[in-house]
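One structure is given here, and the rest of the page talks about it.
No experiment lies behind these values; they were computed from the predicted model shown. Residue numbering restarts at 1 for every chain, and letters A, B, ... go by the order of the sequence lines.
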Amino acid sequence: MLDINLIRKEPDAVRQMLAARGNDPLPVDEILALDVQRRDILTRSEQLRATRNAVSKEIGRMKDEAEREAKKAEMRQVGEEIGTLEAELNKIEAQLLNLTAALPNTLDARTPIGPDEDHNVILRVEEGVVPALTFPAKPHWEIGEGLGIIDFERGVKLSGSRFYVLNGWGARLQRGLIAWMLNLRMEQGYEERYLPFMVKEQTLFAAAQLPKFRDNLYHDAEEDYWMVPTAEVPLTNLHGDEILSGDDLPRRYTAYTPCFRREKMSAGKDVRGIKRGHQFDKVEMYAFVKPEDSDAMLEQMREDAEATLKGLGLTYRVKQLCSGDIGFGSRITYDLEVYSPGVDEWLEVSSVSNVGDFQARRANIKFRREKGGKAELVHTLNGSGLGMPRTMIAVLENFQQQDGSVVVPEVLRGFVGTDVIRKK
RNA sequence: GGAAAGGUGGCCGAGUGGUUUAAGGCGGCGGUCUUGAAAACCGUUGUGGCGCCUUGCGUCACCGUGAGUUCGAAUCUCACCCUUUCCGCCA
């Protein structure tokens with residue numbers, strides 16, 4: 001959520017940001033008008049409340065019955081007026097919240113301006129150590145079915161399209177990736193958390209997933225339980241409504257969770273293979289920092305994510321997202337894309353973002369620089385480290401052998417329990 | 001799912017309709033005293049909104065959440081949430 005003071009003081013900057021993101025800047029005018037109305041009504045109703053508070057105290061002390069009744073009648077009138085004003089105020093505040101909650105975050109000055117994903121900037125390509133294939137690359141669905149480690153048919157039987165079952169070494173490869181990544185994160189200074197995979201609506205709002213992305217979320221029809229679309233959601237709220245000590249910052253966390261997404265917006269896209277499912281596993285990185293430290297932490301987290309791909313020996317590129325493609329809550333985002341020869345694509349396996357105080361304001365996460373000091377909003381950052389299915393695709397397709405087997409990357413062998421995955 | 005008890009400030013805890021401000025204690029901060037510290041004593045103390053003559057002052061709101069009764073609600077009514085204990089069910 002943006003600071004209402006920012007919208008008041010620099011409406012043009014907010015309009016420019018909205019235009020750069022390809023959004024309609026019109027809500028800014030609506031917000032400003034409602035804000036004026038809100039303050040006007042608030043002032044009036046508070047004056048009436050002050051009167052009522054004072055007179056009510058007098059009534060308590062009055063002895064004269066007639067005078068007492070007269071004052072009561074008078075205050076009954078005032079009470080009704082307050083009621084009317086408050087009803088109006090509630091309506092305006094609800095409208096205001098609707099509009100401001102739908103505004104995306106301001107952009108970092110370094111985020112390039114551009115209308116769509118074609119204007120993202122590739123910063124560099126990092127060559128991996130895995131040698132290029134000397135034979136035609138097979139896509140992972142062929143490799144997986146050949147080895148009997150990915151079962152698409154039974155996934156569909158159980159749950160419908162976009163679901164699959166991992167068998168034997170396939171399941172172990174993924175489990176190995178998760179365990180290895182979590183350990184790596186711990187070595188990098190992140191604390192591990194095991195989190196709820198279902199959260200309440202308020203938790204999603206505070207992480208800026210609601211109201212905007214309602215269509216992409218699964219939830220219980222009767223109770224207030226929502227499946228997490230990413231571990232970022234519970235991690236954000238870990239310190240919701242808390243005031244942290246400045247000495248405790250930065251705080252960095254890592255967590256493994258499944259992620260659940262309806263992928264309504266992506267209907268028809270990436271239906272083949274395991275690239276885009278309704279359920280996928282991910283190891284997430286998250287940081288709470290002082291505002292002045294968030295720029296440096298962004299670079300640190302990008303490096304931490306890159307270390308994962310370097311560890312696997314894969315070729316990847318670092319992309320900076322432009323204003324038209326960057327996420328709703330992000331000020332600046334790096335995507336890491338790994339090259340996979342079977343699908344012949346650069347696959348997005350990580351997205352590292354500085355969110356500034358956008359989530360902290362919604363989730364009410366503050367810190368004090370010193371005891372007795374003023375509580376200030378923290379900055380938060382998130383990054384995938386990494387998404388499993390796409391990392392699996394890259395491993396299967398990059399390490400495939402001509403005979404259909406797949407060599408297990410060295411760093412994973414202790415976790416997976418074999419050097420090569422062969423057909424049974 | 002059923003029953004009972006409970007939810008008050010950073011923490012403990014008093015508070016069954018109105019007495020200037022939620023008593024008192026602990027903790028924190030500042031001070032007095034002291035060579036220094038402790039003790040003792042004195043003062044101070046949360047969050048958010050709005051306004052203003054903006055080091056501050058005024059005002060409103062906040063006692064689990066939301067509605068209601070009342071001139072006036074931490075206090076009374078209703079619904080919900082959470083915690084603890086017991087019963088039932090259960091990986």
Side-chain angles (χ1 to χ4, degrees), chain A residues 1-9 31-101 194-206 210 219-226 234 237-249 251 258 357-378:
Chain A
M1 192 111 77
L2 294 182
D3 187 356
I4 183 73
N5 286 305
L6 176 78
I7 306 174
R8 259 181 224 155
K9 281 182 203 147
I31 288 168
L32 290 173
L34 284 169
D35 182 50
V36 170
Q37 276 186 61
R38 173 180 164 268
R39 281 184 286 169
D40 174 55
I41 293 172
L42 194 63
T43 308
R44 282 193 281 153
S45 83
E46 284 190 359
Q47 277 166 358
L48 291 175
R49 271 178 186 273
T51 307
R52 186 175 68 178
N53 286 347
V55 174
S56 288
K57 263 174 208 157
E58 278 176 45
I59 291 173
R61 287 191 294 258
M62 277 179 182
K63 295 282 180 281
D64 186 310
E65 197 57 31
E67 201 183 338
R68 198 181 165 102
E69 288 308 314
K71 283 287 183 196
K72 275 197 199 179
E74 208 180 298
M75 285 308 104
R76 207 170 296 142
Q77 278 293 320
V78 170
E80 270 166 41
E81 262 183 83
I82 293 172
T84 310
L85 287 173
E86 270 243 312
E88 215 175 317
L89 189 63
N90 286 342
K91 222 173 82 187
I92 287 171
E93 283 184 340
Q95 285 172 15
L96 212 44
L97 181 67
N98 262 337
L99 290 171
T100 49
Y194 171 82
L195 303 160
F197 302 159
M198 293 193 287
V199 296
K200 51 189 178 182
E201 190 171 1
Q202 174 57 32
T203 302
L204 282 153
F205 177 84
L210 282 174
H219 68 101
D220 188 290
E222 289 168 11
E223 292 189 83
D224 187 16
Y225 290 126
W226 299 65
N237 286 275
L238 217 49
H239 292 300
D241 288 318
E242 287 183 29
I243 298 173
L244 302 167
S245 150
D247 303 336
D248 286 348
L249 297 177
R251 295 198 77 121
D357 61 14
F358 194 72
Q359 287 174 326
R361 185 169 292 106
R362 289 189 182 216
N364 190 25
I365 310 165
K366 298 187 172 178
F367 78 104
R368 274 189 235 281
R369 292 178 188 276
E370 55 210 49
K371 272 181 187 169
K374 202 174 150 48
E376 303 171 53
L377 292 171
V378 300

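Here G88(B) sits opposite no nucleotide as a Watson-Crick or G-U wobble pair (both hydrogen-bonding atom distances under 3.5 Å). In a base pair of the Watson-Crick type (N1 to N3 plus N6-O4 or O6-N4) or a G-U wobble (N1-O2 and O6-N3), with each distance short of 3.5 Å, C63(B) is matched with no nucleotide. Pairing for U83(B) goes to A5(B), judged as Watson-Crick or G-U wobble with the two contacts each under 3.5 Å. For G56(B), the paired base is C52(B) (Watson-Crick or G-U wobble, both distances below 3.5 Å). Nucleotide U35(B) forms no Watson-Crick or G-U wobble pair with any nucleotide shown, as no partner meets the under 3.5 Å limit on both distances. The base-pairing partner of A14(B), taking Watson-Crick or G-U wobble contacts with both distances under 3.5 Å, does not exist among the strands shown. Both distances falling under 3.5 Å, in either a Watson-Crick or a G-U wobble arrangement, occur for no nucleotide opposite U75(B).
Side-chain atoms of R38(A) and I41(A), non-hydrogen and from C-beta on, never get closer than 4.5 Å to each other.
Residues passing the side chain to side chain donor-acceptor pair (under 3.5 Å) test with R369(A), sequence neighbours excluded: E292(A), E376(A).
In this structure, the NZ atom of K366(A) is 7 Å from the C1' atom of G48(B), given to the nearest Å. What separates CG of N90(A) from P of G68(B) is a distance of 10 Å, to the nearest Å. Here G10(B) presents its C1' atom at 9 Å from CZ of R368(A), a figure rounded to the nearest Å. We find that CD of E69(A) is positioned 13 Å from P of U70(B), with the value rounded to whole Å.
When heavy atoms are screened at a 4.0 angstrom cut-off, K200(A) is found touching no nucleic acid atom at all.
Remark: R68(A) is not in phosphate contact with G18(B), judged by side-chain N or O atoms under 4.0 Å from OP1 or OP2.
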Practice task
Before giving the answer on side-chain contact (heavy atoms from CB on, under 4.5 Å), spell out for L97(A) and M1(A) the whole-Å C-alpha distance, their side-chain angles and the decisive distance to 0.1 Å.
Solution key: CA-CA 9 Å; L97(A) 181 67; M1(A) 192 111 77; 3.8 Å; yes
Practice task
Give the intermediate values and the outcome of salt bridge (Lys or Arg N to Asp or Glu O under 4.0 Å) for residues E46(A) and R49(A).
Solution key: CA-CA 5 Å; E46(A) 284 190 359; R49(A) 271 178 186 273; over 6 Å; no
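Within a 6.0 Å sphere centred on CZ of F197(A), other residues, nucleotides and ligands contribute more than 12 heavy atoms.
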Problem - B/S/- contact track for nucleotides 50-65 of chain B, protein heavy atom under 4.0 Å - result: SS-------SBS----
